[in-house]
Amino acid sequence: MAGAQNELSVAARRKAREAARLAEEERQRRASEQQDAGNGFEVAIEELAHNPRNAREELEGLEGLASTYESFGLLQSVAAVPAEVFTAAFPENADAIGGARFVVIGGNRRLAAARLAGMEKLPVLVNRKATTRQDILVAAATENLAREELKPFEELATIEELKAEFGTYDAVAKVLGKSAGWVSQRRRLHHVQPEIRAALEQRVDGMTIELARDLGKIKDRDQQLNAWEEVKVLAAARDAEPKAPKGQTNDGGEKKTAEEKRTGEKKDVDKGQGASGKKDPKGLPKQGGSGGIGLDEATKARRAACQEAVLDFSEDASRLHIIALQASTDPDEAVALASQWLSEAGVGASALSLPALPGEEGKGRQARAALALSLAHCEIHMARNGGDDAAHASAYLDWLGTHTDYQQADEAESALTA
């Protein structure tokens, strides 16, 4: 009996020593991984999982990339986070990760091509700083955007996912290192019809992201699609035109000077034509603007957006105030317009009364009054100067597009492209 107990004791000790040895090897391996993470180290491909939240809907060109890897190997590391960190942040995706050690957040296409090429190991850079849900989303988005791997609608999906996490589009722009205008431009793609989306994703001749955004301003489905058809017809006609010899125009005359060309184009635009002499598509928002101060449709759209902001905006308006302080307007005119918005918002024009300011300091009513006054300064400056002050117009319209449902109208395009 004693011999049996001694045997059990020896076996238990051996088992304990083996467990300790394996634990130490695992500790050293993890320490080595952490030390080498900045330089990259190789990981067995079966221990890598694709990011189930990857914004890329399709991984294109895998066969060609796999062929390259078969010949030269994968020369650039993929970015990953430890699987336990990922599943803690996204427990809803735990089943998709399985028993993997790492989740690839940058380089899912490279991982798929490496699998196709039959590679056994991949160089990996482990991101140890991304430990939360927000950290991982931002790291993955930044990786994809830096490599320009996302299509416009995939960028839009990424923006919306980050908006759900960070609360505002300004915050999304900040964490991505992008301008608010970059974010707002992609948001406008929400309004395009499926056919326009397909044309953009398939890179159909004549379709660009700028054109898609313009078409998205047309609310009626049939009008939007008809405008796209007219654009395609005009593009085909331009492609069919013979190219003019250098130094000559297509009519055989001498090439115009810059001033003559500018003047001639302006006359064409005044007649409702582009510089080429062809009419713009009927349904597509034109690129010119009146530049006047009358309440045309573009001005009405901007002022409706201003009213919306005065009613609902509750974030930091510092950027708007900086823009407004660089607008040259009549103070009385600005106060009158701001008072109108404040009255309609139920705040009351008295919030702009100079004698009342000390008693209102620090209150939300005063913040809303400052917002309305800044918007009024920007709006009057925009209406009065049209596209003559492109920098100010761009900044003002970018703020409106970011914080309201405003979509850039005719004169706005002129201001931004002047």
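Excluded from the calculations below are hydrogen atoms, water molecules and symmetry mates; all remaining heavy atoms, backbone and side chain alike, are included.
Inter-residue side-chain proximity for M382 and T299 is flagged as unmet; no heavy-atom pair is nearer than 4.5 Å. A 4.5 Å side-chain heavy-atom check between T402 and R319 finds at least one atom pair inside the cut-off. The side-chain heavy atoms of R186 and T158, taken from C-beta on, include no pair separated by under 4.5 Å. The closest side-chain heavy-atom distance from L400 to L375 is below 4.5 Å. A 4.5 Å side-chain heavy-atom check between L200 and F153 finds at least one atom pair inside the cut-off. Within the 4.5 Å cutoff, the side chain of L176 has heavy atoms near those of the T142 side chain. Side-chain contact between I45 and L111 is present, with heavy atoms from C-beta onward closer than 4.5 Å. The shortest distance between side-chain heavy atoms of N51 and V104 does not fall below 4.5 Å.
Residue-environment remark: CG (D312) exceeds the threshold of 12 foreign heavy atoms within 6.0 Å. Crowding of K163 atom NZ: a count of heavy atoms from other residues, nucleotides or ligands under 6.0 Å exceeding 12. Heavy atoms from other residues, nucleotides or ligands lying under 6.0 Å from NZ of K129 number 12 at most. Heavy atoms of other residues, nucleotides or ligands lying less than 6.0 angstrom from CD of E92 number more than 12.
Closest heavy-atom contact between P52 and N93: CG-CB, 3.7 Å. Residue R221 comes nearest to P194 through the heavy atom pair NH1-CD, 4.0 Å, listed as atom of the first residue, atom of the second, then distance. Residues R303 and A383 approach most closely at NH2-CB, 4.4 Å, considering heavy atoms. Pairing each heavy atom of R128 with each of T131, the nearest pair is O-CG2, 3.5 Å. Heavy atoms only, all atoms of each residue included: F102 and P82 are closest at CD2-CA, 3.8 Å. Taking every heavy atom of both residues into account, W341 and A376 meet most closely at CZ3-N, 3.5 Å.
Taken from CG in L352 to CZ in R365, the straight-line distance is 8.5 Å, to the nearest 0.5 Å. With values rounded to the nearest 0.5 angstrom, D389 atom CG is found 7.5 Å from S328 atom OG. Here CD of E165 is found 5.0 Å from CZ of R133. Values are rounded to the nearest 0.5 Å. In this structure, CD on E155 lies 7.5 Å from NZ on K178, to the nearest 0.5 angstrom. Between L337 atom CG and L373 atom CG the span is 9.5 Å, to the nearest 0.5 Å. Here CG of N54 is found 4.5 Å from CG of N108. Values are rounded to the nearest 0.5 Å.
The only member of K174, E160, H403 that meets side-chain hydrogen bond (donor to acceptor under 3.5 Å, both in side chains) when paired with Y169 is E160.
Proximity of a side-chain donor or acceptor of T87 to a complementary backbone N or O of E84 within less than 3.5 Å is detected. Listed for the R110 side chain is a donor-acceptor partner under 3.5 Å among the backbone atoms of S77. Between the H392 side chain and the I323 main chain, a donor and an acceptor come within less than 3.5 Å of each other. With hydrogens and angles ignored, the 3.5 Å screen pairs a side-chain donor or acceptor of T132 with a backbone N or O of D135. Here the side chain of R197 pairs no donor or acceptor atom with the backbone of V192 at under 3.5 angstrom. Side chain of Q224 to main chain of Q193: a donor-acceptor pair is present (N/O by atom type, distance under 3.5 Å, no hydrogens or angles). The main-chain N or O of I218 is never found under 3.5 Å from a side-chain atom of Q223 such that the two would form a donor-acceptor pair.
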- Task: Take V310 and E344 through the side-chain contact (heavy atoms from CB on, under 4.5 Å) test and state the conclusion after the steps.
- Result: CA-CA 9 Å; V310 173; E344 293 176 2; over 6 Å; no
- Item | F90 vs I136, side-chain contact (heavy atoms from CB on, under 4.5 Å): CA-CA, chis, key distance, verdict | CA-CA 10 Å; F90 302 98; I136 294 171; 3.8 Å; yes
- Message: I'd like to know whether V124 forms a side-chain contact (heavy atoms from CB on, under 4.5 Å) with V78, so could you lay out the CA-CA distance, the side-chain angles of the two residues, the decisive distance to 0.1 Å, and finally the verdict.
- Response: CA-CA 5 Å; V124 175; V78 298; 3.8 Å; yes
- Task: Take W228 and V204 through the test side-chain contact (heavy atoms from CB on, under 4.5 Å) and record every step on the way to the result.
- Result: CA-CA 11 Å; W228 166 225; V204 172; 4.0 Å; yes
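Of the charged side-chain nitrogens involved, none lies within less than 4.0 Å of a carboxylate oxygen, so that D330 and R384 do not count as a salt-bridged pair.
Counted by atom type alone, H381 and T329 present zero donor-acceptor pairs between their side chains at under 3.5 Å. Between the side chains of D170 and T168, no donor-acceptor pair is found at a separation under 3.5 Å.
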